[in-house]
Each structure stands twice: as structure tokens, then as C-alpha cells.
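Heads up: the structure comes next, in C-alpha cells.
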Amino acid sequence: MNSDMKINKISDWVWEIPKTEKEGMLVPARIFASDTLLESMDKGVFEQITNVACLPGIQKYALCMPDGHWGYGFPIGGVAAFDTEEGIISPGGIGFDINCGMRLITTDLKVDEVRPRLQSLINELYRAVPAGVGAKGDIKVSVSQLKDIMKRGAEWCIENGYGWPQDRERIEEGGHIPGADSSKVSEKAISRGINQLGTLGSGNHYLEIQLVTIENIFDEKIAKVMGIREKDQIVIMVHCGSRGFGHQVATDYLRVFDKAMKKYGMTVRDRELACAPFKSPEGSDYYKAMLCAANSAFANRQIITHRIRESFSKVFNTDARKLGIEIVYDVAHNIARVERYKIDGREKEVLVHRKGSTRSFGPGRRELPEIYRDVGQPVIVGGSMQTGSYLLVGTQKAMEETFGSTMHGAGRTMSRSAAKKKVRGDQLMKTMAKDGILVKAVSMSGLAEEAGIAYKDISEVVETMDVLGISKKVVKLKPIGNIKG
């Protein structure tokens with residue numbers, strides 16, 4: 001840990017920086033981490049989360065999850081809720097890749113059926129789902145169709161043959177969040193997004209084939225509710241977002257907010273936290289544009305799911321329905337949402353910013369589909385491509401302590417450039433093959449950037465929030481095949 005700030009230990013897993021520690025803090029900053037994870041956090045995390053605590057209208061705490069690391073404006077892993085009447089909205093609290101998120105998909109296939117065809121499967125998926133910087137998809141849509149997608153998200157895909165009717169209830173908000181307005185999106189954002197549907201992108205985005213082993217099922221009853229019924233079952237995980245479209249929306253409105261802050265007499269401790277009152281014309285416009293990008297990201301993951309079904313069907317010469325290729329859930333982890341929580345004894349409407357953080361809604365919450373309402377929201381947490389990922393469920397305690405939020409992944413401990421100095425992509429690929437993980441990547445340098453050594457211990461990150469009761473472990477998933485941008 002590289003910080004000279006006063007950090008109080010509230011419990012074995014919870015730390016707090018008091019609001020007296022930095023001038024302008026309106027609430028304390030809380031960090032969820034084990035001793036080891038706290039030590040691994042860079043100085044930027046503490047600077048950024050206390051800067052967040054200074055933003056107008058913030059409620060209770062500025063929060064940082066155990067996968068927290070330095071980001072743009074907010075730390076990645078940052079969560080903050082703002083009063084919808086007096087608070088702000090900030091692109092730095094959402095991220096450039098709006099609705100970057102996770103989707104988990106089950107199959108009825110066993111590992112013994114997949115291993116002999118794994119290389120063919122990886123090759124076919126790599127062909128069907130374009131990956132890498134600037135990758136373009138083969139879905140051709142007009143500007144008017146893209147505007148429809150901005151409004152209707154995954155619903156548009158399902159109606160146009162890129163999905164099954166039952167997919168709707170397996171996506172956060174049914175795959176389309178109301179309130180999107182395409183008139184608030186620039187022509188440049190449209191030009192960047194129009195050819196990117198059904199593509200994976202680059203960086204830490206991936207499409208991964210994973211294995212369920214019996215020793216890694218922590219709650220058999222909940223696992224069955226989510227379609228994980230047997231040991232050695234094969235599942236698929238997708239991590240991607242709105243790509244260049246979302247990036248341009250964020251870029252456009254950061255410029256708008258830079259001027260708006262002067263108009264409203266607002267100042268922030270970091271220009272990356274440029275913001276506007278949520279109820280202002282500028283704040284409202286950004287929120288509507290952000291939802292356009294969020295719905296496009298749901299559509300992107302939906303089309304990728306369609307391509308996954310086609311690829312499995314082709315390799316196994318069997319209809320995808322017979323292979324049981326069903327969505328478990330799809331969750332966003334770069335987004336702001338209007339939600340209601342009890343604060344100081346009364347229910348209040350707030351705008352929750354989640355930057356590298358996932359909803360962790362407990363049982364009974366009306367936003368959950370009926371199939372999961374009794375057990376809580378599925379929480380999909382991606383690890384590094386060498387270490388595995390997790391499926392969890394949300395809890396009531398999350399609703400009380402973290403605005404219904406938990407971590408989203410392992411969290412980096414090493415920059416991309418530092419990782420490339422320590423690891424060679426071609427050697428990493430050989431090492432992973434020896435460990436039973438086949439990889440197909442757009443570039444070897446991009447692969448090196450995502451080596452397991454660049455990330456925190458995913459199991460320790462997940463365990464932190466499990467012990468605290470914020471999210472509950474259900475299954476750990478082991479990678480056997482990976483497509484990397």
C-alpha cells in the first residue's frame with residue numbers, strides 16, 4: 001500500500017478513510033479488502049476514492065471494491081450513489097466502455113465431448129466473433145436501425161432472429177433500459193458504433209470456454225437454479241461492452257461537462273471527474289446518451305451469443321437448442337442507474353455509479369427476473385484467463401451496505417506495459433496449452449498484457465465479499481479455451 005492517508009480498520013475486511021482526511025470530503029471512503037489486497041492497491045486508489053467522496057450529493061460513503069485499482073476519475077471498482085435531486089452524474093464514474101459487462105451461458109455438453117473438438121471450436125468462434133482493436137462485425141445495420149437498437153437493445157436482436165424469446169428474462173433489465181434517446185448521441189459516436197455489433201474488442205475482453213468441476217460447486221441448490229447441474233459441464237463466458245460507440249459518448253460529454261461545471265459554479269479535485277447536476281439539461285442528455293450505449297452493449301453481447309450458438313451447432317453438427325446453450329445472466333459493470341435504497345431510515349431515490357462493479361441485488365428485489373427472485377441476482381465475476389472466474393449471487397446485506405454492489409473481476413496489479421516486460425505472448429500461450437487452456441489471440445503483445453501475473457488473486461477478491469456477506473459464492477469456473485482481442 002502506497003498511501004500516507006489515515007486508513008482505519010473497521011473490521012477484518014473493511015477499511016475507512018474518514019472525511020476529515022481530505023478537505024472537501026462530504027462522506028467517508030470505504031474500501032473492502034483483505035490485508036493483502038489492501039497492500040496491493042496503488043496510491044491512486046486512495047486519492048481517487050477520496051476525490052469521489054467530495055462530489056456533490058454523494059450519499060453515505062464512497063466505496064471501493066476489493067478488485068479496486070487506478071482508473072479514469074473513479075478507481076475501477078468504485079461505487080457511489082448520488083441524490084437524484086441535488087447530486088451529479090459523471091462519465092468518470094461510469095467509464096469509457098459503457099456497459100462493459102459479463103454474460104454467462106450454459107451448455108449440456110461435458111468436457112469429454114468438447115476436448116477432442118476444442119481446437120476446432122476455438123477456431124470457429126474466432127472466425128465468427130471478430131476480435132481486436134477496430135474489429136468490425138458482419139451485421140450491417142442502417143443509421144435508423146442502430147437508433148432502434150439504442151432504444152431497444154437485446155430486444156431488437158431477438159426480434160430480428162439473433163436470439164430466443166427466453167433470452168429476455170436472462171439479461172439485466174431485459175436487455176433494454178428505458179429512457180435512451182438517440183438524439184443525444186453524436187454523429188461521430190454513431191459512425192464508430194455502426195459496424196461493431198457482434199464484436200469482442202481488445203484489452204481484457206474475451207470469449208472463454210469454461211469447465212465446472214464438482215469440487216468448485218459451493219451451493220448445489222442455487223447452481224441448479226442457474227442451469228449448472230452436473231460436474232464436468234461446459235459453460236461459456238463473454239466479457240465485452242459498447243466498444244467505440246460508448247467511448248465516443250463518454251468523450252463527447254466530458255467536453256460538455258467541462259463547460260457545464262463553469263456554468264453551474266462547480267469544481268472538482270480532478271478534471272477526470274468532470275460532472276454536471278443530474279437534473280440539469282447537460283446531465284439529463286448524458287444519461288440518455290449513456291443508456292443508448294448501454295442498450296447497444298446488451299445488443300452486442302446478444303449477437304455474440306447468437307454466433308456462439310451457431311459455432312457450437314456447426315462443430316457438433318447439432319441444433320443449439322439440443323445442446324442446451326442457454327443464457328444464465330448478463331450483467332453490466334460500467335453504468336449508472338436510478339435505484340431506491342433506505343438511507344437514514346427512509347427510502348430514497350439515488351443515481352448509483354458503478355465503475356468496474358456489478359449489481360449484487362438480494363432475493364426479492366423487483367428488478368430480478370422471477371426465475372432468480374428467490375435466490376438473488378446472478379453475479380458474474382471474471383478472473384484472469386489463467387485462473388478462472390466465478391458465479392455468485394447477490395444478498396440482502398449488499399442492499400444495506402453497498403448500494404447493491406460487489407466486485408466485477410480480479411483487478412489489475414500491474415500495468416499493461418509492465419506485464420509485457422515480464423511476459424512474452426508466445427511463451428504464455430505455450431504455458432497455458434500445457435495447463436490445458438487453448439488460446440487464440442489477435443496479437444501476442446495483447447496476450448502478454450493479460451497474463452495472470454498482472455492480476456490479483458481472484459479467489460481472494462471473491463472470498464472478501466463472500467465473508468462479508470455482500471455476495472455469495474455459487475460456482476468457480478475453470479478456463480479451457482480462450483479467445484482474446
Donor-acceptor contact present, side-chain [X] to main-chain [Y], <3.5 Å:
| X | Y | answer |
| --- | --- | --- |
| E401 | I470 | no |
| W156 | A299 | no |
| R243 | A135 | yes |
| R117 | V315 | yes |
| D374 | P363 | no |
| S296 | S242 | no |
| D67 | A410 | no |
| S313 | T318 | yes |
| E450 | M385 | no |
| H69 | G411 | no |

Could you tell me if the side chain of [Y] sits less than 4.5 Å from the side chain of [X], heavy atoms only?
| X | Y | result |
| --- | --- | --- |
| V381 | V461 | no |
| F32 | M65 | yes |
| N482 | L207 | no |
| L477 | L104 | yes |
| V225 | Y372 | yes |
| S202 | V442 | no |
| L38 | I31 | yes |
| K456 | S40 | yes |

Review point. Taking R30 as the fixed residue, which of V14, I17, I49 is the one that meets the side-chain contact (heavy atoms from CB on, under 4.5 Å) rule?
Key: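 Exactly one pass, corresponding to V14.
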Practice item. Report the residues that fulfil side chain to side chain donor-acceptor pair (under 3.5 Å) with R168, sequence neighbours left out, ordered by chain and then residue number. Key: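 Partners of R168 under the side chain to side chain donor-acceptor pair (under 3.5 Å) test: E155.
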**Study point:** All side chain to side chain donor-acceptor pair (under 3.5 Å) counterparts of E460, not counting sequence neighbours
**Key:**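 For E460, the residues satisfying side chain to side chain donor-acceptor pair (under 3.5 Å) (neighbours in sequence not counted) are S34.
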As an exercise, state the distance from [atom1] of [X] to [atom2] of [Y], rounded to the nearest 0.5 Å.
| X | Y | atom1 | atom2 | result |
| --- | --- | --- | --- | --- |
| M41 | E39 | CE | CD | 10.5 Å |
| I483 | I209 | CD1 | CD1 | 6.5 Å |
| I335 | T358 | CD1 | OG1 | 11.0 Å |
| N295 | L291 | CG | CG | 6.5 Å |
| F312 | L109 | CZ | CG | 6.5 Å |
| I171 | I158 | CD1 | CD1 | 5.0 Å |

Taking ring pair (Phe, Tyr, Trp, His ring centres under 6.0 Å) as the test, write out the residues that go with [X], two or more places apart.
| X | value |
| --- | --- |
| Y455 | none |
| Y206 | H239 |
| Y61 | none |

What are the two closest non-hydrogen atoms of [X] and [Y], and how far apart are they?
| X | Y | result |
| --- | --- | --- |
| G383 | S389 | N-OG, 3.1 Å |
| W70 | I76 | O-CD1, 3.9 Å |
| A419 | A448 | CB-O, 3.7 Å |
| C240 | I304 | SG-CD1, 3.6 Å |
| N334 | G95 | ND2-CA, 4.3 Å |
| C157 | Q302 | CB-CG, 3.5 Å |

Check your understanding: Do T406 and S471 meet the criterion of a side-chain donor-acceptor pair at a distance under 3.5 Å?
Key ->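 Judged by distance alone, the side chains do pair up.
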Exercise for review: State, without any angle test, whether S384 and T387 hold a side-chain donor-acceptor pair at a distance under 3.5 Å.
Suggested key: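 On atom types as modelled, these side chains qualify, holding a pair under 3.5 Å.
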Practice item. Scan residues 394-417 for pairs that pass ring-ring contact (aromatic ring centres under 6.0 Å, His included), counting only residues two or more places apart or in two chains. Key: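 The answer is H333-H408, Y341-F403.
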Practice item. Kindly state each residue pair satisfying ring-ring contact (aromatic ring centres under 6.0 Å, His included) with at least one member in residues 94-117, sequence neighbours excluded. Key: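 Checked against ring-ring contact (aromatic ring centres under 6.0 Å, His included) - neighbours excluded - the pairs reaching residues 94-117 are Y72-F96, F96-H247.
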Filter on salt bridge (charged side-chain N to carboxylate O under 4.0 Å, His left out), then keep only pairs touching [range], sequence neighbours left out; what's left?
| range | result |
| --- | --- |
| residues 312-328 | E124-K314 |
| residues 475-485 | none |
| residues 296-310 | D138-R307, D167-R309, R301-D330, R307-E310 |
| residues 200-223 | D219-K472, E220-K224 |

More than 12 heavy atoms of other groups within 6.0 Å of [X] [atom1]:
| X | atom1 | result |
| --- | --- | --- |
| K136 | NZ | no |
| K473 | NZ | yes |
| K140 | NZ | yes |

Practice item. Show your working on side-chain contact (heavy atoms from CB on, under 4.5 Å) between D232 and V111 and close with a plain yes or no. Key: CA-CA 5 Å; D232 297 336; V111 68; 3.9 Å; yes
Check your understanding: Under a 4.0 Å N-O cut-off, is there an ion pair linking R359 with E173?
Key ->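 E173 and R359: salt-bridged.
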Check your understanding: Among all residues two or more places apart in sequence or in another chain, which pass the salt bridge (charged side-chain N to carboxylate O under 4.0 Å, His left out) test with E172?
Key ->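 None.
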Exercise for review: Check the pair E339, R354 against salt bridge (charged side-chain N to carboxylate O under 4.0 Å, His left out), reporting the backbone distance first and the verdict last.
Suggested key: CA-CA 12 Å; E339 297 165 2; R354 295 186 179 93; 2.9 Å; yes
Exercise for review: Could you label the plane-to-plane angle of the F218 and Y390 rings as parallel, tilted or perpendicular, counting under 30° as parallel and over 60° as perpendicular?
Suggested key: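 If you compare the ring of F218 with that of Y390, the planes turn out parallel.
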Check your understanding: After noting the C-alpha distance and the side-chain angles of D426 and R424, does the key distance pass the salt bridge (charged side-chain N to carboxylate O under 4.0 Å, His left out) rule?
Key -> CA-CA 6 Å; D426 56 346; R424 275 184 50 176; 2.5 Å; yes
